[in-house]
Amino acid sequence: QVQLVESGGGLVLAGGSLRVSCAASGRTFNRYAMGWFRQATGKEREFVAAVDSRGTMTYYSDSVKGRFTISRDNAKNMVYLQMNNLQPGDTAVYYCAADRAYPLGASGSGVDYWGQGTQVTVSS
């Protein structure tokens with residue numbers, strides 16, 4: 001069992017930066033690939049970024065590549081998403097996800113555990 005709790009969301013101006021964090025409970029955290037998904041109001045959930053269980057491989061959606069960076073600290077059971085040059089289109093609830101498989105599916109249908117989400121709002 002893995003429990004995920006996100007934090008760090010908030011309001012930021014366009015062009016600004018924000019880092020969201022995900023704290024994981026459980027001794028098996030380092031067996032899971034981790035990812036971030038987001039869902040804007042009225043839109044379907046979309047994949048953002050993922051990192052493998054050891055933190056050696058990452059991949060990103062085209063919409064955030066070059067602006068966002070995912071990382072993890074297995075010693076602290078933490079996953080981070082550093083978001084730079086934020087744009088109004090990045091406004092969404094951001095969800096942390098744990099998956100036994102890597103890479104994570106784009107739909108998130110294979111995710112084993114989800115966090116409750118943290119709101120990120122980017123104003124122009």
Query raised in the report: Going by side-chain heavy atoms closer than 4.5 Å, which hydrophobic residues are tied to Leu13, directly or by a chain of links?
Result: none

Requested in this report: Provide the closest heavy-atom pair for Ala97 versus Leu104 in the form atom of the first, atom of the second, distance.
Outcome: CB-CD2, 4.5 Å

Report task. Applying side-chain contact (heavy atoms from CB on, under 4.5 Å), run through Tyr60 and Arg67 and close with a yes or a no. Result -> CA-CA 10 Å; Tyr60 302 88; Arg67 299 187 299 124; over 6 Å; no

Report task. Say whether Val12 and Val93 are linked into one hydrophobic cluster, either directly or through other cluster members, by side-chain heavy-atom distances under 4.5 angstrom. Result -> no

Exercise answer: donor-acceptor pairs, residues 20-35 side-chain atoms, under 3.5 Å, sequence neighbours excluded:
residue	atom	partner	partner atom	Å
Ser25	OG	Gln3	N	3.2
Tyr32	OH	Arg100	NH2	3.2

Scan the side chains in residues 114-124 for donor-acceptor partners under 3.5 Å anywhere in the protein, sequence neighbours excluded, and list what turns up.
residue	atom	partner	partner atom	Å
Gln116	NE2	Glu6	O	3.4
Gln116	NE2	Glu6	OE1	3.4
Thr118	OG1	Gly9	N	3.2
Gln119	NE2	Ala92	O	3.4
Gln119	NE2	Thr121	OG1	3.3

Query raised in the report: In a check of side chain to side chain contact (heavy atoms under 4.5 Å, CB included) between Trp36 and each of Val51, Ile70, Val64, which one passes?
Result: Ile70

**Report entry** Hphob cluster co-occupancy, Met83 + Tyr95, side-chain heavy atoms under 4.5 angstrom
**Finding:** no

Report summary line: So CG of Leu81 and CZ of Phe37: to nearest 0.5 Å the spacing works out to 12.0 Å

Query raised in the report: Just by modelled atom types, is the Tyr80 backbone N or O under 3.5 Å from a matching donor or acceptor in the Arg19 side chain?
Result: no

Requested in this report: Sequence neighbours left out, what passes salt bridge (charged side-chain N to carboxylate O under 4.0 Å, His left out) with Asp99? Give chain and number order.
Outcome: none

Report summary line: Residues Ala14 and Gln87: closest non-hydrogen pair is CB-OE1, 4.4 Å

Query raised in the report: Under the side chain to side chain contact (heavy atoms under 4.5 Å, CB included) test, which residues partner Thr56, sequence neighbours left out?
Result: Asp52, Arg54

Query raised in the report: Under a single-linkage definition using a 4.5 Å side-chain heavy-atom cutoff for Ile, Leu, Val, Met, Phe, Trp and Tyr, are Leu18 and Val79 assigned to the same hydrophobic cluster?
Result: yes

Query raised in the report: Within 45 degrees of the axis of the six-membered ring of Tyr94 and under 6.0 Å from its centre: does Arg38 put its NZ or CZ there?
Result: no

Requested in this report: Report the residue from Thr58, Asn85, Leu86 that forms a side chain to side chain contact (heavy atoms under 4.5 Å, CB included) with Phe68.
Outcome: Leu86

Query raised in the report: Looking at residues at least two apart in the chain, or sitting in another chain, which of them share a side chain to side chain donor-acceptor pair (under 3.5 Å) with Ser17?
Result: Asn84

